[in-house]
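Contents: one structure, followed by commentary.
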Amino acid sequence: MKAVRFHEFGGIDVLRVEDVDDPRPGRGEVLVRIRAAALNHLDVDVRDGVSRFPIEFPHTLGVELAGEIEEVGDGVEGWAPGDRVNPYIMDTCGECRYCQTGRENLCLTPGFISFTTGGGYAERVVVKARNLIRVPDNVSFEDAAALQVAFATSWHMLFTRGDLRAGQAVMVNAVGSGIGSAAVQLAHIAGAFVIGNASSDEKLARASELGMDAGINHRTEDVVARVLQLTDDRGVDLVYEHCGGELFQKGLDSLAKDGRLVICGGHSGEVVPFDIIPFFRGQKSVIGSFTYTREEVKRCFDLAARGLITPLVHRTFPLDDAAEAMATMERREHFGKLVLVP
Ligand SMILES: [Zn+2]
């Protein structure tokens, strides 16, 4: 089969489209014919060697994929060739205290697609049957590949960690990103007042079409002043943060009293100053969030199957053009996900 691999860390030119042996499913595993694989910013960090994940060479990128089962290994029940599937991004132990208390995203010995299996930038991959999630018939492979990380991460942040309720005000940072645009959609159908920010008016216009109630251009406008204006000087109940840097402090300053800031990333600045006095006087909370559970993925697939949310696929590329796809992502001009179609 074809796989996009790299043998050393570096820029786009380290990627090679190579012929490799087809993987074989072992006991409890299935062979999946990959029909779509979505790109994530994590892929760039992994390729550059700054992801803080241990990598073995040669490495095949791609944590998010969808396809159909081609072959079933021994001992697999409930799955058959032809089934349309999306593997849960993690491989959890099922036995640790977190797995046993509904918090499998915090598993003490997790594996991850591509790090402990083959990756999605390939024609086939072997995954454990216990990690498969069924893709509804009316959700395309491209949409399925683009759904999990964006929407399940958003679900976990907004509802599980952030406790967002109908009628509350939420600010979504960077609405042009995959998880930003997903959060706008989920917060909108949950009945929240959705304020979003982005680096361009064009991205804000797209987010408005997805249900954003008010947009702020964080390059040209004062984010905190605009939030106060839009909320009768109260501030927002929840900030959805995944950027770090300046937007982290602006998010804190935009919170109402007793407000929560939920954060899952810090690409724009991983270590930031933090003003403690208004933080505790306003009884604010900063809440970390890491991935999501497979139940949350299933809920998002249910919403997609009912047409209530739409995974945004900006553009698809053949596997041979994986380098061009990554270059497109690094330019950050896209709105929605970039998807490889092997
Ligand atoms: Zn576990």
Side-chain angles (χ1 to χ4, degrees), residues 40-42 45-46 50-54 63-64 88-93 96-112 115 148-165 168-175 177-184 186-187 190 192 196-197 223 235-276 278-280 282-297 299-300:
N40 284 283
H41 275 284
L42 172 66
D45 293 349
V46 172
V50 300
S51 71
R52 305 192 201 180
F53 279 103
V63 299
E64 247 190 326
Y88 179 47
I89 193 177
M90 298 179 76
D91 178 28
T92 55
C93 78
C96 71
R97 66 179 183 273
Y98 296 101
C99 283
Q100 296 220 325
T101 51
R103 296 173 291 170
E104 62 189 347
N105 59 309
L106 302 178
C107 177
L108 293 172
T109 54
F112 292 91
F115 298 103
Q148 188 179 137
V149 168
F151 283 92
T153 299
S154 297
W155 182 291
H156 192 69
M157 289 178 71
L158 291 171
F159 307 128
T160 306
R161 302 293 290 152
D163 197 24
L164 182 66
R165 302 296 172 95
Q168 291 188 337
V170 57
M171 177 164 74
V172 177
N173 284 344
V175 290
S177 64
I179 64 170
S181 57
V184 166
L186 287 175
N197 64 57
V223 171
V236 291
D237 302 290
L238 184 71
V239 169
Y240 178 95
E241 218 303 72
H242 54 102
C243 304
E246 278 184 17
L247 283 174
F248 175 81
Q249 184 66 50
K250 286 177 182 172
L252 282 182
D253 293 343
S254 299
L255 283 176
K257 286 195 172 183
D258 219 14
R260 298 92 63 198
L261 179 148
V262 180
I263 184 159
C264 76
H267 263 97
S268 305
E270 296 179 2
V271 179
V272 295
F274 186 108
D275 191 344
I276 292 168
F279 179 72
F280 74 77
Q283 195 174 292
K284 299 173 184 180
S285 303
V286 172
I287 302 168
S289 189
F290 182 67
T291 66
Y292 41 81
T293 66
R294 69 194 77 199
E295 196 55 40
E296 291 168 329
V297 179
R299 288 182 185 196
C300 292

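Numbers here simply count residues along the sequence, with the first being 1. All values below come from the heavy atoms of this structure, side chains included, with hydrogens, waters and symmetry mates left out. Please read these numbers as outputs of a predicted model, since none were measured by experiment.
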- Message: As a test of understanding, state which of Val223, Asp275, Val272 forms a side-chain contact (heavy atoms from CB on, under 4.5 Å) with Gln249.
- Response: Asp275

- Hey, what do you get for SG (Cys107) to CZ (Phe290), rounding to the nearest 0.5 Å? 10.5 Å

- Task: Check Ala182 against Ala150 and note the closest heavy-atom contact, atom names and distance.
- Result: CB-O, 3.5 Å

- So how far is it from Asp237 CG to Arg165 CZ, rounded to the nearest 0.5 Å? 11.5 Å

- Are any non-hydrogen side-chain atoms of His242 and His41 less than 4.5 angstrom apart? no

- Item | Tyr240 and Ser154 side chains, donor-acceptor separation under 3.5 Å | yes

- Measure from the side-chain N and O atoms of Lys284 to the backbone N and O of Leu252, and report whether any donor-acceptor pair falls under 3.5 Å. yes

- Task: Taking the side chain as every heavy atom from C-beta outward, state whether Asn105 and Thr293 have any pair of such atoms under 4.5 Å apart.
- Result: yes

- One should read off an interatomic distance between Arg260 CZ and Arg161 CZ, to the nearest 0.5 angstrom, of 12.0 Å

- Message: If I take atom CD from residue Glu296 and atom OG1 from residue Thr291, how far apart are they, to the nearest 0.5 angstrom?
- Response: 8.5 Å

- Message: Working to the nearest 0.5 angstrom, can you tell me the gap between Leu164 CG and Leu238 CG?
- Response: 5.5 Å

- Task: Could you please spell out the steps behind the side-chain contact (heavy atoms from CB on, under 4.5 Å) verdict for Glu104 and Met90?
- Result: CA-CA 9 Å; Glu104 62 189 347; Met90 298 179 76; over 6 Å; no

- Query: With a 4.5 Å limit on heavy-atom distance, are the side chains of Ile287 and Met157 in contact?
  - Reply: no

- Decide if atom CD of Gln100 counts as having more than 12 heavy atoms of other residues, nucleotides or ligands within a radius under 6.0 Å. yes

- Min side-chain heavy-atom separation Cys264-Thr153 under 4.5 Å: yes

- Query: At their closest point, which heavy atom of Leu108 faces which heavy atom of Cys96, and how far apart are they?
  - Reply: N-SG, 3.5 Å

- Item | Heavy-atom closest contact (Leu255 atom, Ser285 atom, distance) | CD1-O, 4.4 Å

- Message: Pair Asp45, His267 - check side-chain contact (heavy atoms from CB on, under 4.5 Å), show working.
- Response: CA-CA 10 Å; Asp45 293 349; His267 263 97; 3.0 Å; yes

- Describe, in one word, how the ring planes of Phe53 and Phe115 are oriented to each other, choosing from parallel (under 30°), tilted (30 to 60°) and perpendicular (over 60°). parallel

- Task: Taking all heavy atoms of Gly251 and all of Leu261, pick out the closest pair and write down the distance.
- Result: C-CD1, 3.9 Å

- Task: Measure across Ser289 and Val262 and return the closest heavy-atom pair with its distance rounded to 0.1 Å.
- Result: CB-CG1, 3.8 Å

- Message: Can you confirm whether Val239 sits close enough to Asn173 that some side-chain heavy atom of one is under 4.5 Å from a side-chain heavy atom of the other?
- Response: yes

- If you look at every heavy atom in Ala187 and Leu158, which pair is closest and at what distance? N-CD1, 3.9 Å

- Task: Would you check if Tyr292 and Val149 make a side-chain contact, meaning some heavy-atom pair closer than 4.5 Å?
- Result: yes

- Message: As an exercise, state the distance from CG of Asn40 to CD1 of Ile89, rounded to the nearest 0.5 Å.
- Response: 7.0 Å

- Message: Is there a side-chain contact between Phe112 and Val63 in this structure, where contact means two heavy atoms from C-beta onward sitting under 4.5 Å apart?
- Response: no

- Task: Find out whether Tyr88 and Gln148 are in side-chain contact, i.e. whether some heavy atom of one side chain is under 4.5 Å from a heavy atom of the other.
- Result: yes

